Amino acid sequence: MEADSLTFIFLNAAIINNFVLALFLGICPFLGVSGKIQTAWNMGLATMFVMLVSSTCAYAINKILIAWDIEFLRLICYIAVIASAVQLVEMVMKKYSPALFRALGIFLPLITTNCAILGLALFQTFREYNFGQSLAFSLGAGTGFTLALMLMAGLRERLSLSNLPTVSQGAALSLMLAGMLSLAFMGFAGLGGDHG
Amino acid sequence: MMAPLPNQEEELTPGTFLRGLWEENPVFVMLLGMCPVLAVTNSTLNALAMGLATTFVLVCSSALVSLLRHLIPKQVRIATYIVIIATFVTIVDHVIQAISLDLYNALGAFIQLIVANCIILGRAEAYAAKNRLATTLVNSLGMGAGFTIALLSLGTVREILGSGTLLGYPLFGEHFQTWVVMILPPGGFFVLGAWLLLFSWLQQRRARRITEGEEIRVRGS
């Protein structure tokens with residue numbers, strides 16, 4: 001596979017350099033919303049949608065910034081776009097699925113401070129992806145985020161039924177689980193070489 | 001614990017600073033801002049630089065938010081905070097690039113990602129928007145110090161185990177088998193998990209001692 005083909009970019013973002021387990025982006029929702037598979041799935045979809053919107057906008061904004069030679073404003077513009085996209089998703093979700101809106105709770109507005117989304121916009125700018133590549137990259141990142149969230153939720157649902165020492169309950173256990181998942185994902189590293 | 005009530009300004013006490021170090025440590029207790037904590041702590045130097053950069057942004061943006069707290073309309077406050085934070089992060093980004101390009105490359109996108117660090121936005125919303133400049137400065141300095149300590153406690157452990165060095169100086173003989181997984185992504189999760197296990201064990205032991213002490217006192221009286 002060539003390093004800049006769309007399939008490779010998608011697989012690279014989704015599995016080889018998984019945003020959560022290899023690049024440590026979006027750890028807060030990963031630890032916070034991974035209690036139940038259903039919530040994790042919805043959170044993953046919402047995040048993927050925001051990623052798609054903000055990646056498209058970021059692509060356009062970067063073109064404008066470069067044309068006017070004001071690239072130092074990039075960070076401020078990106079974060080403003082992401083905040084608006086999150087607001088949009090929040091309004092749509094509140095109107096069409098109030099139950100889901102309540103289930104996600106505080107983590108919905110917190111998508112704004114999900115570094116996976118800002119990271120996505122920054123990475124696609126650093127790597128100078130064209131429009132198609134940006135789309136593949138954001139879809140891949142969204143898929144990878146959802147995958148990691150679902151895996152974690154599945155593990156935690158099983159663990160909540162088992163008998164654990166009280167010391168290890170809570171965040172410490174989640175982190176240990178995440179470490180093991182991350183070890184497993186390192187096995188995919190050989191697939192892509194070091195196109196990080 | 002003296003949590004400040006909404007719309008009530010906190011008095012300046014030693015607790016304003018110390019709370020951030022231990023009782024409300026942003027990383028170990030509140031589990032905020034985990035991404036940089038895990039991502040850049042593969043060496044002590046990176047951890048220190050990240051901690052200082054975050055502290056700078058935290059202190060400056062909290063101070064500005066505190067100064068402007070009567071001017072910012074309530075409806076657009078989050079957007080305003082984000083723009084303030086992004087401005088200071090842009091400054092830090094350019095400064096680090098000017099001081100040391102190696103460090104800049106090692107930290108990568110995580111300098112710009114300070115914008116998305118929930119500690120900073122959380123402080124602006126929960127503390128700086130309600131308190132005077134002086135208390136805000138002290139409190140955010142404490143939080144920044146707590147964050148830096150947490151980063152360092154991960155960074156040193158990972159560097160010693162993963163590369164056998166501390167701040168780049170070799171600690172062991174040349175036959176030391178490095179534990180490479182510690183500087184790779186899984187190591188970050190494992191070391192932070194181990195720290196949290198240690199703290200929750202200490203906390204449980206203390207709670208058990210207190211209850212045992214009370215039982216003895218009850219029996220004695």
Side-chain angles (χ1 to χ4, degrees), chain A residues 17-28 30-32 72-80 82-84 86-87 109-123 125-126 165-186 189 196, chain B residues 27-41 76 78-79 81-94 108-122 181 184-205:
Chain A
N17 281 305
N18 185 288
F19 262 49
V20 179
L21 296 168
L23 300 180
F24 298 118
L25 296 167
I27 301 286
C28 299
F30 176 65
L31 295 177
F72 60 91
L73 287 177
R74 187 184 284 145
L75 197 57
I76 298 180
C77 294
Y78 280 7
I79 197 81
I82 292 169
S84 333
V86 172
Q87 196 76 50
L110 277 185
I111 296 181
T112 313
T113 53
N114 182 339
C115 36
I117 294 167
L118 184 61
L120 175 89
L122 290 174
F123 282 142
T125 315
F126 292 155
T166 39
V167 178
S168 65
Q169 271 161 7
L173 183 73
S174 311
L175 281 164
M176 289 293 177
L177 275 180
M180 286 173 212
L181 271 180
S182 172
L183 265 182
F185 267 74
M186 268 178 63
Chain B
V27 177
F28 291 136
V29 180
M30 302 206 287
L31 297 176
L32 290 177
M34 304 293 263
C35 308
V37 172
L38 294 165
V40 299
T41 51
V76 293
I78 301 284
Y81 299 159
I82 289 261
V83 171
I84 291 175
I85 296 167
T87 312
F88 284 110
V89 173
T90 310
I91 296 174
V92 167
D93 187 59
H94 285 245
F110 276 93
I111 303 171
Q112 304 204 349
L113 285 176
I114 296 178
V115 177
N117 191 326
C118 7
I119 298 172
I120 301 175
L121 192 63
V181 76
L184 293 174
F189 286 115
F190 285 135
V191 174
L192 184 58
W195 276 113
L196 289 177
L197 271 181
L198 179 70
F199 289 144
S200 86
W201 179 70
L202 285 176
Q203 212 158 19
Q204 266 190 11
R205 211 177 56 158

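First the proteins, then the strands, lettered A, B, ... as listed; each starts at 1. No experiment lies behind these values; they were computed from the predicted model shown.
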Which atom pair, heavy atoms only, marks the closest approach of B:M34 to A:L175?
CE-CD1, 4.5 Å

Can you tell which part of A:A171 gets under 4.5 Å to a heavy atom of chain B, answering side chain, backbone, both or neither?
both

Of the backbone (N, CA, C, O) and the side chain (C-beta and beyond), which part of A:L31 lies under 4.5 Å from a heavy atom of chain B, both, or neither?
side chain

So, the part of A:L122 with a heavy atom under 4.5 Å from chain B: the answer is side chain

Can you tell me how far apart CZ (A:F72) and CD1 (B:I91) are? Round to the nearest 0.5 Å.
11.5 Å

Could you look at B:F110 and say if it's the side chain, the backbone, both or neither that has a heavy atom under 4.5 Å from chain A?
side chain

Please round to the nearest 0.5 Å and tell me the distance separating atom CZ of B:F189 and atom CD1 of A:I27.
4.0 Å

Between B:V37, B:I85, B:T90, B:D93, which has the largest tally of heavy atom pairs under 4.5 Å with chain A?
B:T90

With A:L75, which of B:I111, B:I114, B:V115 fulfils side-chain contact (heavy atoms from CB on, under 4.5 Å)?
B:V115

Most heavy-atom pairs under 4.5 Å with chain A, out of B:L192, B:V191, B:I120, B:I78, belong to B:L192

Rounded at 0.5 Å granularity, tell me how far CG in B:L38 sits from CG in A:L21.
11.0 Å

Is A:A178 close to chain B through its backbone or its side chain, or both, or neither, when contacts mean heavy atoms under 4.5 Å?
both

Taking side chain as everything from C-beta outward and backbone as N, CA, C, O, which of these in B:A39 sits under 4.5 Å from a heavy atom of chain A? Side chain, backbone, both or neither.
both

For A:F126, is it the side chain, the backbone, both or neither that has a heavy atom under 4.5 Å from a heavy atom of chain B?
side chain

Quick check on the interface: out of B:A86, B:G193, B:C35, who has the most heavy-atom pairs with chain A under 4.5 Å?
B:C35

Under 4.5 Å from a heavy atom of chain B, the part of A:M176 involved
both

Between the CG atom in A:L173 and the CG atom in B:L196, the distance rounded to the nearest 0.5 Å is 11.0 Å

At a 4.5 Å cut-off on heavy atoms, which part of A:F123 comes close to chain B: side chain, backbone, both, or neither?
side chain

Residue part contacting chain A, namely of B:Q112, when any heavy atom lies under 4.5 Å
both

Provide the closest heavy-atom pair for A:C115 versus B:L113 in the form atom of the first, atom of the second, distance.
O-CD2, 3.7 Å

Answer yes or no: does atom CD of B:Q204 have more than 12 heavy-atom neighbours from other residues, nucleotides or ligands under 6.0 Å?
yes

